[in-house]
Amino acid sequence: MFNLAEVTGRVTDNGKPVEGAIVEFFPTDGRTSVGVTDGAGNYNLRYSDEFGAVVGEGKFQVTPESAPAAAAGDGDVVAPPMEGPPKIIRLPELYTIKEDEENKFDIDMSKYAKK
């Protein structure tokens, strides 16, 4: 069993909250945690049926065009059919989830937009 820690944050695009984006954390060791942003752009990652992400290093990925998405009661992410492939933003930085500390990671998508 992996140690988990709560991970929260806010996704924005040029300062505006992004609603319905799927936020994923891919740890170096362990399974992915997933969250969906609310109307204010806030997310809280889930690992299976628990809140949190695997403690250690990993990378984030955001799929903003899944909106409107919703978290089903069992923690699965449900999104409507899309007309084309989703726009996926893979953050290049390595992030560290720490046990017994606040793990708040805000993501400004405009920082990663292709110029």
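Not measured: the values here are computed from a predicted model.
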Report the residues that fulfil side chain to side chain donor-acceptor pair (under 3.5 Å) with [X], sequence neighbours left out, ordered by chain and then residue number.
{"X": "D100", "value": "none"}
{"X": "N3", "value": "none"}
{"X": "E6", "value": "N44"}
{"X": "K104", "value": "D106"}

Short side-chain to backbone donor-acceptor contact, [X] and [Y], under 3.5 Å:
{"X": "T37", "Y": "Y43", "value": "no"}
{"X": "D13", "Y": "K16", "value": "no"}
{"X": "K87", "Y": "T63", "value": "no"}
{"X": "N103", "Y": "K98", "value": "yes"}

[Y] and [X], any side-chain heavy atoms less than 4.5 Å apart:
{"X": "L91", "Y": "Q61", "value": "no"}
{"X": "R46", "Y": "S33", "value": "no"}
{"X": "V23", "Y": "L45", "value": "yes"}

Identify the heavy atoms of [X] and [Y] that sit nearest to each other, and give their distance.
{"X": "D38", "Y": "A40", "value": "OD1-N, 2.9 Å"}
{"X": "A53", "Y": "I97", "value": "O-CG2, 4.2 Å"}
{"X": "K111", "Y": "E93", "value": "NZ-OE2, 3.6 Å"}
{"X": "F25", "Y": "G56", "value": "CZ-O, 4.1 Å"}

Problem set entry | salt bridge (charged side-chain N to carboxylate O under 4.0 Å, His left out) involving E102 - partner list, sequence neighbours excluded |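 Listed in chain order: nothing, the list is empty.
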
For this session: Please go through L94's hydrophobic cluster and name the other residues, only I, L, V, M, F, W, Y counting, with side-chain heavy atoms under 4.5 Å joining them.
Result: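 None, because no other hydrophobic side chain comes under 4.5 Å of this residue.
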
Exercise. Mind checking who shares a hydrophobic cluster with L4, ILVMFWY linked at side-chain heavy-atom distances under 4.5 Å?
Worked result: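 Same cluster as L4: F2, Y47, V54.
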
Problem set entry | With Y95 via ring-ring contact (aromatic ring centres under 6.0 Å, His included) - residues at least two apart |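 Applying ring-ring contact (aromatic ring centres under 6.0 Å, His included) to Y95 gives F60, F105.
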
For this session: Could you grab the distance from atom CD of E24 to atom OG1 of T32, nearest 0.5 Å is fine?
Result: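 If we round to the nearest 0.5 Å, E24:CD and T32:OG1 are 6.5 Å apart.
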
Problem set entry | Audit row: V11, M109, side chain to side chain contact (heavy atoms under 4.5 Å, CB included) steps and yes/no | CA-CA 7 Å; V11 177; M109 294 188 335; 3.8 Å; yes

